[in-house]
Amino acid sequence: MKFLVCISNVPDTTTKITFTPDNKEFNKAGVQFVINPWDEYALTRAIELKEAQGSGTVTVLNVGEADTEPNIRKALAIGADDAIRVNAAPKDAWFVAQQIAHYAKEGGYEVILMGKESIDYNGFQVHGMVGELLGIPTVAPAMKLDMSGNTATLEREIEGGKEIVEVAAPFVASCQQPMCEPRIPNMRGIMTARTKPLKVVEAVGEGAATAVAEYQLPPKKQGVKLIDAANAGELIKLLRNEAKVI
């Protein structure tokens, strides 16, 4: 079984977010980037399934520029066999989906996994677009994934319960917890990752379908007003007239 795991390069969750002076781009200066946490579930589960089958390959694919390679190498250290980097900035979901679909088809991958969304844009779009471009089923978001031969059994969360889905490969699935426990690279993995293949390819297809007009930070938190416990009337007045929550 050939697994393709798509990973995003995202800012660490502790990052202080700022934008360029024109508010049209994220300011990368001084920012620590990590593998998108949702993608780590997809990567670990693909490795576990390959190990359980005793054969197959796990390839990671990233759409990004050269500065994403340290996290691609981390994915190789976790256990992926090889990697592809599409040498282009991930402009929008449509652009990224085109790259994944093209190289997934070219490489003959049977199971295409990714996180349910990236934690920077929270778009929840790419997996569906990839499935549509390839003309294959998409299951999203999957909380559990098992394989028996060419058939996958997936569990996904729905309103008020869970849904069990069976699908034959090839298919696309987006992943979330509690699918597995994401792995941490060990020393042996870090050493072997240095020699694993990382192929750099050029972008294909159309350009981005959308463009950012402007980013805006949320308003700064206002100061806290302390009201004496005996003055309930003043509290109600402030909640009604200033906070406007009652």
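Values below: every heavy atom of this structure, side chains too, minus hydrogens, waters and symmetry copies.
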Step by step, work out the side chain to side chain contact (heavy atoms under 4.5 Å, CB included) result for Tyr103 and Val204. CA-CA 9 Å; Tyr103 289 106; Val204 298; 3.9 Å; yes

State whether the number of non-hydrogen atoms from other residues, nucleotides or ligands found under 6.0 Å of Lys196 atom NZ is greater than 12.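 Atom NZ in Lys196 is packed in, count exceeds 12.
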
Please indicate whether Ile184 has more than 12 foreign heavy atoms, meaning atoms of other residues, nucleotides or ligands, lying under 6.0 Å from its CD1.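 Check fails, neighbour count at 12 or below.
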
Which heavy-atom pair separates [X] from [Y] by the least distance, and what is that distance?
X: Asn36; Y: Ile119; result: OD1-N, 3.0 Å
X: Asp146; Y: Lys144; result: OD2-CE, 3.3 Å
X: Pro11; Y: Asp120; result: CD-CB, 4.0 Å
X: Ala101; Y: Leu133; result: CB-CB, 3.8 Å
X: Ile190; Y: Pro185; result: CG1-CB, 4.1 Å

Would a 4.5 Å heavy-atom cut-off, applied to side chains only, mark [X] and [Y] as touching?
X: Lys74; Y: Glu40; answer: yes
X: Met143; Y: Gln176; answer: yes
X: Val130; Y: Leu134; answer: yes
X: Phe33; Y: Lys28; answer: yes
X: Ile112; Y: Phe171; answer: no
X: Leu198; Y: Arg73; answer: yes
X: Phe95; Y: Pro90; answer: no
X: Met1; Y: Leu49; answer: no

By the definition side-chain contact (heavy atoms from CB on, under 4.5 Å), identify the one residue from Met129, Glu132, Met114 that meets it with Val172.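 Result: among Met129, Glu132, Met114, Met114 is the only option passing the side-chain contact (heavy atoms from CB on, under 4.5 Å) with Val172.
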
Under a 3.5 Å distance rule, please check whether [X] uses its side chain to pair with a backbone N or O of [Y] as donor and acceptor.
X: Asn71; Y: Asn9; answer: no
X: Lys2; Y: Gly107; answer: yes
X: Thr192; Y: Gly189; answer: yes
X: Asp92; Y: Ala209; answer: yes
X: Gln98; Y: Glu206; answer: yes
X: Arg156; Y: Pro141; answer: no

Going from [atom1] on [X] to [atom2] on [Y], what distance comes out if it is rounded to the nearest 0.5 angstrom?
X: Phe3; Y: Arg45; atom1: CZ; atom2: CZ; answer: 8.5 Å
X: Trp94; Y: Gln99; atom1: CH2; atom2: CD; answer: 10.5 Å
X: Ile84; Y: Ile100; atom1: CD1; atom2: CD1; answer: 11.0 Å
X: Leu113; Y: Leu145; atom1: CG; atom2: CG; answer: 6.0 Å
X: Asn27; Y: Glu25; atom1: CG; atom2: CD; answer: 9.5 Å
X: Trp38; Y: Ser174; atom1: CH2; atom2: OG; answer: 10.0 Å

If hydrophobic clusters are built from ILVMFWY residues whose side chains come within less than 4.5 Å, do Val5 and Ile35 share one?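 Cluster IDs for Val5 and Ile35 match.
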
Are Met179 and Val58 in one and the same hydrophobic cluster, where Ile, Leu, Val, Met, Phe, Trp and Tyr link if side-chain heavy atoms are under 4.5 Å apart?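 Yes, one cluster joins them.
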
Does a side chain donor of either Asn231 or Asp228 reach within less than 3.5 Å of an acceptor in the other side chain?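 Judged by distance alone, the side chains do not pair up.
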
Side-chain donor/acceptor pairs under 3.5 Å, residues 236-246, sequence neighbours excluded:
unit_1, atom_1, unit_2, atom_2, d
Asn241, ND2, Lys237, O, 3.4
Glu242, OE1, Lys225, NZ, 2.9
Glu242, OE2, Lys225, NZ, 3.1
Lys244, NZ, Asn241, O, 3.1

Let me see the working for Val200 and Glu69 under side chain to side chain contact (heavy atoms under 4.5 Å, CB included), right down to the final yes or no. CA-CA 10 Å; Val200 179; Glu69 290 195 5; 3.9 Å; yes

Results of ring-ring contact (aromatic ring centres under 6.0 Å, His included) for Phe26 - residues two or more places apart only: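 Listed in chain order: nothing, the list is empty.
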
Between Thr59 and Asp81, is a side chain to side chain contact (heavy atoms under 4.5 Å, CB included) present by the stated rule, with each step listed? CA-CA 6 Å; Thr59 300; Asp81 298 293; 5.8 Å; no

Between Ile47 and Thr44, does the side chain to side chain contact (heavy atoms under 4.5 Å, CB included) criterion hold? Intermediate values first, please. CA-CA 5 Å; Ile47 294 167; Thr44 298; 5.6 Å; no

